[in-house]
Amino acid sequence: MLYRSEALEQSALLTVAGLMCAAARTAPKTRGMDNIVTLVLTGNEIVKLSEKMREIGLREFGKAEGHFARDAANILQAQAVVLIGVKRTWYGLPYCSMCVFANCGECKKARANCAFAPMDLGIALSSAAGVAADMRVDNRILFSAGKAAEEMDYAGGEDIIWQGIPLSISGKNIFFDRKPSLWQKQ
């Protein structure tokens, strides 16, 4: 049997994406409450995410440049995007006030973020990115991809704080020496 590098690399990439999701799931969490959500995008789903990122850049900044547009162009070069999110929740810890509110009830009433949900997300992201790095798969954590994922409602109405990690197997890391925006050429 003959195995071509492209097919093997795509298979390896999806395996790594799955291992990243597992690492995010098993990462330590506040009070042992598991509120992590993961998804993997490939092919046309990456294109849709990129288009949403570009749309946000145009809507919020009025031009096809900046980090949303740059990142939108960059993920089109990726073979997969791992989305890792945390459900917006309040952990009910007594005597905390890390969110600057007196208690969880006040934080929830204000629709503010409990400080622990983003911390749990950060630990999950670090665990996942570490897996990709250990497997020598190029990656980069992108807030912009996460913000677009929030607007695309991948969670079916559930309130999720997302971050995206595009993945690439290529001869040169696509996440360095990034162009300001390939979208500007349109």
Side-chain angles (χ1 to χ4, degrees), residues 1-30 32-54 56 67-88 117-156 158 160-179 181-183:
M1 174 131 313
L2 176 69
Y3 296 97
R4 301 236 181 250
S5 62
E6 296 84 13
L8 292 171
E9 290 164 5
Q10 185 63 21
S11 175
L13 190 89
L14 291 175
T15 297
V16 169
L19 292 171
M20 291 170 69
C21 292
R25 173 74 54 231
T26 61
K29 297 172 186 71
T30 305
M33 295 172 59
D34 185 4
N35 291 304
I36 296 297
V37 180
T38 62
L39 294 171
V40 177
L41 308 179
T42 61
N44 196 44
E45 289 301 319
I46 293 174
V47 173
K48 291 177 187 176
L49 183 67
S50 174
E51 289 170 352
K52 177 57 83 172
M53 292 164 69
R54 179 174 180 259
I56 291 170
H67 69 283
F68 273 92
R70 179 203 59 211
D71 294 350
N74 197 208
I75 69 165
L76 290 175
Q77 299 172 292
Q79 291 103 349
V81 176
V82 177
L83 294 173
I84 301 176
V86 65
K87 296 175 187 173
R88 197 175 308 267
M119 278 194 263
D120 287 351
L121 178 58
I123 294 166
L125 287 165
S126 297
S127 294
V131 166
D134 288 346
M135 298 295 178
R136 306 304 177 256
V137 173
D138 295 332
N139 69 95
R140 185 178 190 111
I141 298 172
L142 297 178
F143 154 80
S144 55
K147 198 65 179 164
E150 285 179 26
E151 290 193 15
M152 294 179 77
D153 193 26
Y154 283 118
E158 199 161 7
I160 307 284
I161 302 167
W162 291 103
Q163 296 283 298
I165 308 176
L167 303 176
S168 173
I169 296 176
S170 63
K172 182 181 182 309
N173 188 336
I174 64 170
F175 305 115
F176 290 94
D177 303 325
R178 299 184 304 158
K179 303 263 187 275
S181 174
L182 298 175
W183 289 106

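- Looking at Ile174 and Asp138, their side chains never come closer than 4.5 Å, going by heavy atoms from C-beta outward.
- Using a 4.5 Å cut-off on side-chain heavy atoms (C-beta onward), Arg54 and Phe68 make no contact.
- If you take CH2 on Trp162 and CG on Leu142, they are separated by 15.0 Å, rounding to the nearest 0.5 Å.
- The two residues Ala124 and Ile36 come nearest to each other via the heavy atoms CB-CD1, 3.8 Å.
- Side chain of Ser126 to main chain of Gly122: a donor-acceptor pair is present (N/O by atom type, distance under 3.5 Å, no hydrogens or angles).
- A salt bridge links Glu45 with Lys48: the closest approach of a Lys/Arg side-chain nitrogen to an acidic carboxylate oxygen falls below 4.0 angstrom.
- Every residue meeting the side-chain hydrogen bond (donor to acceptor under 3.5 Å, both in side chains) condition with Thr30, not counting sequence neighbours, appears here in chain and number order: Asp120.
- If you take CD1 on Ile165 and CG on Leu125, they are separated by 5.0 Å, rounding to the nearest 0.5 Å.
- A distance of 4.5 Å separates CE in Met20 from CG in Leu167, rounded to the nearest 0.5 Å.
- The minimum heavy-atom distance linking Ala17 with Val82 is given by the pair CB-CG2, 3.8 Å.
- Arg88 contributes no side-chain N or O that, together with a main-chain N or O of Ile161, makes up a donor-acceptor pair within less than 3.5 Å.
- Side-chain N or O atoms of Ser11 include none that pairs as donor or acceptor with a backbone N or O of Ala7 at under 3.5 Å.
- A donor-acceptor distance shorter than 3.5 angstrom exists from the side chain of Gln79 to the backbone of Ile169, with no hydrogens or angles considered.
- The nearest pair of heavy atoms linking Ala23 to Val131 is CB-CG2, 3.6 Å.
- A donor-acceptor pair is defined here as one N or O able to donate and one able to accept, closer than 3.5 Å; such a pair exists between the side chain of Lys29 and the backbone of Ala27.
- When all heavy atoms of Ile141 and Ala129 are compared, the pair lying nearest together is CD1-CB, 4.3 Å.
- How far CE of Met53 is from CD of Glu151: 11.5 Å, rounded to the nearest 0.5 Å.
- Within the structure, the side-chain hydrogen bond (donor to acceptor under 3.5 Å, both in side chains) test picks out the following pairs touching residues 139-150 (sequence neighbours left out): Asp71-Ser144, Lys147-Glu150.
- For the pair Val81 and Gly164, the tightest heavy-atom approach, listed with the atom from each and the gap, is CG1-CA, 4.5 Å.
- Counting only residues at least two apart or in different chains, salt bridge (Lys or Arg N to Asp or Glu O under 4.0 Å) contacts with residues 125-137 are absent.
- Between Lys87 atom NZ and Leu121 atom CG the span is 13.5 Å, to the nearest 0.5 Å.
- The two residues Leu49 and Ala149 have their closest heavy-atom pair at CD1-N, 3.8 Å.
- Separating the CD1 atom in Ile75 from the OG atom in Ser168 is a distance of 12.5 Å, to the nearest 0.5 Å.
- Proximity of Val40 to Cys21: side-chain heavy atoms (C-beta onward) are separated by under 4.5 Å at one or more points.
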